[in-house]
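Numbers restart at 1 for each chain; the letters A, B, ... are given by sequence-line order, proteins then strands. Everything numeric here is computed off the predicted structure, so don't read it as measured data.
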Amino acid sequence: MSVHTAVPLPVLHSTILDWYAEHARDLPWRTPEATPWAVMVSEFMLQQTPVKRVLPAYAAWLERWPTPAALAADAPGEAVRMWGRLGYPRRALRLHAAATAITERHGGEVPDDHAQLLALPGVGEYTAAAVASFAFRQRHAVLDTNVRRVLARVVDAVEHPPTATTAAERRTATALLPDADGTAATWAVAVMELGALVCTARTPRCVGCPVAAMCAWRLAGSPPYDGPPRRGQTYAGTDRQVRGKLLAVLREAHGEVAQAALDAVWDEPVQRARALDGLVADGLVEPVGPGVYRLPGAVPSSRP
DNA sequence: GATTCGTGGCG
DNA sequence: TCGCCAAGAAT
């Protein structure tokens, strides 16, 4: 498999690896002390949530649940509460379910096998590759939004990658991977970091980019995005907003919540009911009686 | 494959 | 101000 670039692969490799060695952020999940579990926790939290907001949640989470078994021993509702306002709270439920599966199927150790990782709840192609690469130093194509954007520009000369990850992107990423496992693992995180810090979505900092001189998009004159309109995420007035408001009440309650408290967050009854039903269907909220709800498996505030 | 699923910060 | 964007996964 060959990839058309303006320079030999070893030059591209060393250029980005050298840049990473000098500019990498000092992130806690990249330290030698970070366990595979810690890496996995960070990857779950970083799914669609910025690093800055993950940092404090990550520290609190690992202090409370330093191992998968520790999390599995607690109620899933506690995971949802600790998730706080990171967004997409189903991730908290899935991380709890993954911890349970790791405890039951893998003796409490995060598996180092890509297929076994992929089989865990909440672990998709990206997260499986990321954990295998970052925690176990294996050679995998790690295709997140940052990497995809860097490759779209440097290799394909377009400003933005396709909406969904394509087979062509996987071929490109695989072809660019250094041969040695450890080098490939560092390469993966280095390209990701380049996308996060330099080759950003809105205003790329091409001045100071280590690969600007070999970037196909740059060499083509930085042509603007030419594809179909990319769908923006509307939020105000959607079920997602209502779900968020409902769950915020449940998180802060530390126990059972009466219907009236939930009714107060949204005035449109049909949408409100639909949102609550959705939360229950997703396992994020548990009905405990007529008009009474709580986070799943949470300990009731008043004891008999 | 297109949709759904939170939350907040920034240009 | 407000649309865009942020280490995706599941259906």
Side-chain angles (χ1 to χ4, degrees), chain A residues 24-25 27-30 34 38-58 80 83-95 97-98 117-135 140-151 159-167 169 173 185 188-197 199-205 225 228-251 265 274-275 277-279 281-285:
Chain A
R25 287 171 293 179
L27 300 174
W29 44 85
R30 289 181 185 162
V39 172
M40 175 171 283
V41 169
S42 78
E43 290 304 335
F44 268 75
M45 291 184 169
L46 288 164
Q47 292 169 2
Q48 299 285 279
T49 300
V51 167
K52 183 176 182 178
R53 259 193 300 151
V54 163
L55 286 169
Y58 167 86
V80 175
W83 199 255
R85 307 188 68 82
L86 285 180
Y88 292 150
R90 290 190 292 192
R91 290 182 292 165
L93 230 41
R94 291 171 183 157
L95 182 51
L117 287 165
L118 194 57
L120 295 172
V123 176
E125 186 55 47
Y126 162 75
T127 301
V131 172
S133 179
F134 303 156
H140 294 280
V142 183
L143 276 174
D144 80 319
T145 186
N146 291 305
V147 173
R148 295 182 60 221
R149 187 174 54 249
V150 171
L151 298 187
E159 186 177 16
H160 297 295
T163 306
T165 305
T166 65
E169 287 182 275
V189 70
V191 177
M192 192 176 302
E193 190 77 337
L194 184 65
L197 298 182
C199 194
T200 56
R202 266 174 290 190
T203 312
R205 307 173 160 195
Y225 177 69
R230 299 184 296 160
R231 293 188 58 80
Q233 318 158 321
T234 56
Y235 180 62
T238 62
D239 285 7
R240 283 156 87 169
Q241 183 181 21
V242 184
R243 286 167 58 108
K245 287 179 175 294
L246 290 171
L247 205 57
V249 172
L250 273 295
R251 276 198 310 265
V265 307
R274 185 173 65 235
D277 286 348
L279 289 170
D282 289 346
L284 284 163
V285 174

Novice: So, using ring-ring contact (aromatic ring centres under 6.0 Å, His included) as the criterion, who are the partners of A:Y88 when residues are at least two apart?
Specialist: none
Novice: Taking salt bridge (Lys or Arg N to Asp or Glu O under 4.0 Å) as the definition, give me every residue that meets it alongside A:R90, ordered by chain and number, with sequence neighbours left out.
Specialist: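 Checked A:R90 against salt bridge (Lys or Arg N to Asp or Glu O under 4.0 Å); matches are A:D282.
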Novice: Mind checking if A:G87 touches a base, just sugar-phosphate, or nothing, with heavy atoms under 4.0 Å?
Specialist: base
Novice: For atom P, what is the distance between B:dG6 and C:dT11, given to the nearest Å?
Specialist: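 Between the two P atoms, the distance is 14 Å.
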Novice: Can you sort out the partners of A:Y126 under side-chain hydrogen bond (donor to acceptor under 3.5 Å, both in side chains), two or more places apart, ordered by chain and number?
Specialist: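 With neighbours one apart ignored, the set is A:E43.
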Novice: How many Å lie between CH2 on A:W83 and C1' on B:dC5, as a whole number?
Specialist: 13 Å
Novice: Under 4.0 Å, counting only non-hydrogen atoms across every strand here, what does A:R148 touch: a base, just sugar-phosphate, or nothing?
Specialist: nothing
Novice: Name all residues meeting the salt bridge (Lys or Arg N to Asp or Glu O under 4.0 Å) criterion together with A:R91; count only those two or more places apart in sequence or in a different chain, and write none if there are none.
Specialist: none
Novice: Provide, to the nearest angstrom, the distance between the CD atom belonging to A:Q233 and the P atom belonging to B:dC5.
Specialist: 12 Å
Novice: Assign each of A:P89 and A:R231 to its nearest nucleotide of DNA chain B by heavy atoms, then name whichever residue's nucleotide is nearer the 5' end.
Specialist: A:R231
Novice: Considering residues at least two apart in sequence or located in another chain, which fulfil the side-chain hydrogen bond (donor to acceptor under 3.5 Å, both in side chains) criterion with A:R202?
Specialist: none
Novice: Within the 4.5 Å heavy-atom criterion, are A:D144 and A:M192 side-chain neighbours or not?
Specialist: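 With C-beta onward as the side chain, the pair touches.
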Novice: With sugar-phosphate meaning primed atoms plus P, OP1 and OP2, does A:A130 contact a base, only sugar-phosphate, or nothing at under 4.0 Å between heavy atoms?
Specialist: nothing
Novice: Using a 4.0 Å cut-off on heavy atoms, which residues in residues 46-56 of chain A reach DNA chain B? List them by number, or say none.
Specialist: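 Residues of residues 46-56 of chain A that come under 4.0 Å of DNA chain B are, in numerical order, A:Q48, A:T49, A:R53.
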Novice: Go nucleotide by nucleotide along DNA chain C from the 5' end; which of A:G232 and A:L27 gets its closest nucleotide reached first?
Specialist: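 Nearest-nucleotide comparison on DNA chain C picks A:G232.
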Novice: Which residues, if any, of residues 238-250 of chain A bring a heavy atom under 4.0 Å of DNA chain B?
Specialist: A:R240, A:R243, A:G244
Novice: Just jot down the side-chain hydrogen bond (donor to acceptor under 3.5 Å, both in side chains) partners of A:R205, sequence neighbours excluded, or say none.
Specialist: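 Result, side-chain hydrogen bond (donor to acceptor under 3.5 Å, both in side chains) vs A:R205: none returned.
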Novice: Taking heavy atoms of chain A and a 4.0 Å limit, find me the 5'-most and 3'-most nucleotide of DNA chain C within that range.
Specialist: C:dG3 to C:dA10
Novice: Atom NZ in A:K245, atom CG in A:L250: separation rounded to 0.5 Å?
Specialist: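 One finds 14.5 Å between NZ of A:K245 and CG of A:L250.
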Novice: Let's go through A:R53 and A:R85 carefully: what are the C-alpha distance in whole Å and the side-chain angles of both, what is the deciding distance for side-chain contact (heavy atoms from CB on, under 4.5 Å) to 0.1 Å, and is it a yes or a no?
Specialist: CA-CA 9 Å; A:R53 259 193 300 151; A:R85 307 188 68 82; 5.7 Å; no
Novice: Can you list the residues that meet the salt bridge (Lys or Arg N to Asp or Glu O under 4.0 Å) rule with A:E169, with sequence neighbours excluded?
Specialist: A:R148
Novice: Across the strands shown, which category fits A:R251 at heavy-atom distances under 4.0 angstrom: base, sugar-phosphate, nothing?
Specialist: sugar-phosphate
Novice: Any side-chain N or O of A:R85 under 4.0 Å from OP1/OP2 of B:dG8?
Specialist: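 Indeed, a polar side-chain atom of A:R85 lies that close.
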Novice: Could you give all pairs that pass the salt bridge (Lys or Arg N to Asp or Glu O under 4.0 Å) test and reach residues 230-242 of chain A, with sequence neighbours left out?
Specialist: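 The answer is A:D239-A:R274.
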Novice: Mind checking what makes side-chain hydrogen bond (donor to acceptor under 3.5 Å, both in side chains) contact with A:T127, not counting sequence neighbours?
Specialist: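 Result, side-chain hydrogen bond (donor to acceptor under 3.5 Å, both in side chains) vs A:T127: A:Q47.
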Novice: If you compare every side-chain N and O of A:Y235 against the phosphate oxygens of B:dT7 (OP1, OP2), does one of them come in below 4.0 Å?
Specialist: yes
Novice: Say you pick atom P in B:dT4 and the same atom in C:dA7; how far apart are they, in whole Å?
Specialist: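 Approximately 23 Å lies between the P atom of B:dT4 and that of C:dA7.
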Novice: Looking across every strand, which nucleic acid part, if any, lies under 4.0 Å from A:T127 by heavy atom: base, sugar-phosphate, or nothing?
Specialist: sugar-phosphate
Novice: Check the distance between B:dG6's P and A:L93's CG and give it to me in whole angstrom.
Specialist: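 My rounded result for the distance is 11 Å.
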